[in-house]
Amino acid sequence: MIRVQRIPDLEKILSGFGQKGLKTGFVPTMGALHPGHISLIHKAKAENDRVICSIFVNPTQFNDPKDLQRYPRQPEQDFRLLNEAGCDVLFTPEIKDMYPQGTAFPVQLDLGSLALVMEGKSRPGHFDGVVQIVSLLLKAVHPQKAYFGQKDFQQVAIVRRMVELLHIPVEIIACPIIREADGLAMSSRNALLNTEERAKAPAIFKLLSRIKALSGTTSVEDLIVLAKNEIGQTAGMKLDYFEIADVQTLLPVQKLSSEGKAVACIAVQLGNIRLIDNILL
Ligand code: AMP
C-alpha cells in the first residue's frame, strides 16, 4: 500500500491508474478504523481495480470542539488494517493540504429538507462540513465509485444529492451497517465509552429491532412513544431524537405504507458520547 499526504503526489499516482484504464473505488474515513470501515474497503476491492482510502479528521464537520479534540486517532493500527484489507493507496492529508486557502466554504448547496432534520437539526453546520470535505476529496481522487456506510443514513442521502447538484461523475454506493455481536453499530466513538456505558449501549439496537418487529402492527405515533419511554428508562441515556422518516426525503412519516420506504433513526447521548443508529422498516 502506498501512503500519500499531498494532493499533487496523489494526482501522480492517479494519473498512472488512469493511463492504464484502471477503475478506482474510494472510501473516505476519519480513521480509528474498525470492521465497519473495512467492509467498505472489501466491497470497493470487489468492484474496482484499485482502492483508495482517505483518513482525515475533518475539523469543519465537528460542531462540538470537544468531540473533535477527543476523536480517537490510531494511525499505525489503521495502516496495518488497510494493508491487510488490500487497500492500494492511503491518502492522509493534513489540514493545510485540504484547506490551503482556509476552511471557509463559499459553496452553499440547496439540500432542501435533507439537511434540516435529525443530524442537521441537532448538529448545526455538520453537513456543510461534510459536503465541503467530501466534494474536495472526490475532486482530488475522482473515483468511479465511492463507498459510504448506511450507519450514517442521512449522510449518504446528502452526499447523493450533492453529487447530483455539483454534477460530480461518481457512483455513490451505500453499504450495510456492521454491528458488534451484541448489536451495537460499530463506530470509532464506541472506543470512548467506559465499561458501564458500553454495557448499556446495545439497548439502542434492541430498541430499533423491537420497533421494526412492531412496525407492521403499531402506529407511528405509538412507536415514537415507545422509543421515548425505553430510552428514558435507561439510566445515563438521553434521547436526542427518534424519527421515523421517509427514506427519500427524510421527512417524518405519519403512516407506514410498504416495506423499505421508511427508516427509523435514532441519536442517543450516553455520558459524553453521542451515538447514532438506524433500521429500515
Ligand atoms: P467515519 O470514519 O466515521 O467518517 O466513517 C467512514 C465511513 O465508514 C462512513 O461512510 C461511515 O458511514 C462508514 N461506517 C462507519 N461505521 C460503520 C459501520 N458500523 N458499518 C458500516 N459502515 C460504517
Side-chain angles (χ1 to χ4, degrees), residues 25-47 51-64 67-68 70-75 77-79 81-82 85 87 90-93 98 114 118-119 123 126-138 141 143 145-163 170-193 198 201-202 204-205 208-209 250 263 265-268 273-280:
F26 176 47
V27 181
T29 80
M30 297 205 297
L33 303 180
H34 52 66
H37 297 111
I38 300 303
S39 73
L40 308 189
I41 302 285
H42 287 154
K43 177 120 170 103
K45 192 96 190 118
E47 296 184 352
V51 174
I52 301 186
C53 176
S54 63
I55 296 181
F56 180 63
V57 182
N58 174 36
T60 71
Q61 72 189 69
F62 283 80
N63 53 310
D64 174 1
D67 187 26
L68 172 60
R70 67 177 165 230
Y71 198 82
R73 289 161 172 92
Q74 44 180 58
Q77 186 176 316
D78 288 349
F79 187 92
L81 290 173
L82 288 171
C87 178
L90 169 59
F91 177 44
T92 52
M98 288 321 295
L114 295 181
M118 302 190 283
E119 292 299 286
R123 303 182 64 191
H126 168 64
F127 285 125
D128 293 336
V130 169
V131 162
Q132 177 182 29
I133 190 60
V134 176
S135 62
L136 290 171
L137 287 169
L138 289 175
V141 179
K145 296 183 179 180
Y147 296 80
F148 293 84
Q150 298 257 30
K151 154 107 189 331
D152 300 279
F153 196 91
Q154 192 172 7
Q155 173 171 275
V156 180
I158 284 178
V159 169
R160 282 193 200 286
R161 180 87 183 116
M162 174 197 81
V163 301
V170 62
E171 190 182 339
I172 302 300
I173 314 279
C175 304
I177 304 175
I178 305 298
R179 299 180 179 281
E180 301 286 357
D182 59 14
L184 176 65
M186 289 190 179
S187 163
S188 305
R189 287 186 179 88
N190 291 352
L192 302 173
L193 298 169
R198 178 62 189 82
I204 300 168
F205 182 60
L208 289 180
S209 306
L250 300 186
V263 58
C265 297
I266 190 165
V268 165
I273 309 306
R274 192 170 173 280
L275 300 174
I276 61 169
D277 201 351
N278 66 78
I279 198 164
L280 281 172

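Order of appearance sets the numbers: ligands from 1, and atoms from 1 within every ligand. Throughout, residue positions are numbered sequentially from 1 according to the sequence presented.
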Counting only nitrogen or oxygen atoms and a 3.5 angstrom limit, does [X] reach ligand 1?
X: Ile178; result: yes
X: Ser39; result: no
X: Leu40; result: no
X: Ile177; result: no
X: Gly149; result: yes

With the threshold set at under 4.0 angstrom, would you say [X] reaches ligand 1 through any of its heavy atoms?
X: Phe56; answer: no
X: Pro35; answer: no
X: Ala32; answer: no

Can you find a pair of side-chain heavy atoms, one from [X] and one from [Y], that are under 4.5 Å apart?
X: Met98; Y: Leu137; value: yes
X: Gln154; Y: Leu250; value: yes
X: Asn278; Y: Ile276; value: no

- Is Tyr71 touching ligand 1 with its side chain, its backbone, both, or neither, if touching means heavy atoms under 4.0 Å apart?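 Tyr71 to ligand 1: side-chain contact only, backbone stays beyond 4.0 Å.
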
- Item | Per-residue contact class, Ser187 against ligand 1 - non-hydrogen pairs under 4.0 Å |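 Under 4.0 Å from ligand 1, Ser187 contributes no heavy atoms.
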
Would you mind checking which non-hydrogen protein atom is closest to [atom], with the distance to 0.1 Å?
atom: atom 1 (P) of ligand 1; value: His37 NE2, 3.6 Å
atom: atom 21 (C) of ligand 1; value: Pro176 O, 3.3 Å
atom: atom 4 (O) of ligand 1; value: Met30 CG, 3.6 Å
atom: atom 15 (C) of ligand 1; value: His34 CE1, 4.0 Å

- Heavy-atom pair of closest approach, residues Gln155 and Phe148: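 Heavy-atom minimum between the residues: NE2-CD2, 4.1 Å.
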
- Considering all heavy atoms, the nearest Leu184-Ala201 contact: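 Looking at all heavy atoms of both residues, the closest pair is CD1-CB, 3.8 Å.
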
- Ligand-residue contact atoms, ligand 1 with Phe148, heavy atoms, under 4.0 Å: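 Ligand 1 atoms under the 4.0 Å threshold to Phe148: 10 (O).
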
- Query: Can you tell which of Val134, Asp152, Val27 gets a heavy atom nearest to atom 12 (O) of ligand 1?
  - Reply: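 Comparing heavy atoms across Val134, Asp152, Val27, the nearest one to atom 12 (O) of ligand 1 lies in Asp152.
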
